[in-house]
Amino acid sequence: QLQLEESGGGLVQPGGSLRLSCRLSGFTLDGYAIGWFRQAPEKEREWISCISSTGGITNYADSMKGRFTISRDNAKRTVYLQMSSLRPEDTAVYYCAAPPSTSCDYGRYDYWGQGTQVTVSA
């Protein structure tokens with residue numbers, strides 16, 4: 001089965017940058033689209049971005065465009081989320097997840113990592 005593990009979270013100052021990684025392992029490593037989500041305390045889980053299995057197509061929530069960039073390196077079995085101009089409201093647990101599809105058009109995500117904490121604070 002596909003397994004996902006996030007890393008790269010931590011403390012960052014407002015206006016700073018951070019790159020999160022999602023390491024993939026298991027069957028058919030390059031056969032899945034990957035999405036990034038976040039969940040802040042007292043808020044619902046929020047979709048951030050998705051990238052197709054080949055990296056040829058990317059989608060972003062409107063509020064994330066220009067600040068967040070998703071990419072992947074299938075040879076390294078890793079998907080990245082580059083975050084810039086971070087704000088305190090970006091503080092959340094960030095998750096990567098995979099739908100049973102190569103396409104971001106598929107709405108369900110069956111596989112999830114454990115999450116990594118991102119805290120934006122002076």
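Being a predicted model, the structure only gives us computed values, none of them experimental. Just so you know, these numbers use all the heavy atoms, side chains as well, and skip hydrogens, waters and symmetry mates.
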Is a side-chain donor or acceptor of [X] paired with a backbone partner of [Y] at a separation under 3.5 angstrom?
{"X": "R77", "Y": "G26", "value": "no"}
{"X": "T119", "Y": "T91", "value": "no"}
{"X": "S101", "Y": "P99", "value": "no"}
{"X": "N74", "Y": "S53", "value": "yes"}
{"X": "S85", "Y": "R67", "value": "no"}
{"X": "E6", "Y": "C96", "value": "yes"}

Within the structure provided, determine whether [X] and [Y] are in side-chain contact (heavy-atom separation under 4.5 Å).
{"X": "L4", "Y": "Y95", "result": "no"}
{"X": "R72", "Y": "I34", "result": "yes"}
{"X": "M83", "Y": "Y94", "result": "yes"}
{"X": "S84", "Y": "S17", "result": "yes"}
{"X": "V118", "Y": "D90", "result": "no"}

In a table with atom names and distances, give each donor-acceptor pair under 3.5 Å that connects a side chain of residues 107-116 to protein atoms at least two apart or in another chain.
unit_1: W112; atom_1: NE1; unit_2: Y109; atom_2: O; d: 3.1
unit_1: T116; atom_1: OG1; unit_2: G9; atom_2: N; d: 3.2

Measuring from [X]:[atom1] to [Y]:[atom2], what's the distance to the nearest 0.5 Å?
{"X": "I57", "Y": "I51", "atom1": "CD1", "atom2": "CD1", "answer": "10.0 Å"}
{"X": "R23", "Y": "K76", "atom1": "CZ", "atom2": "NZ", "answer": "14.0 Å"}
{"X": "L11", "Y": "L18", "atom1": "CG", "atom2": "CG", "answer": "9.5 Å"}

Next item on the list: Any pair with a residue in residues 54-66 that passes side-chain hydrogen bond (donor to acceptor under 3.5 Å, both in side chains), sequence neighbours left out, goes on the list, sorted by first then second residue, please.
Entry: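 Passing the test, one end in residues 54-66: no pairs.
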
Check: With sequence neighbours left out, what residues match E46 under side-chain hydrogen bond (donor to acceptor under 3.5 Å, both in side chains)?
Finding: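 With neighbours one apart ignored, the set is R38.
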
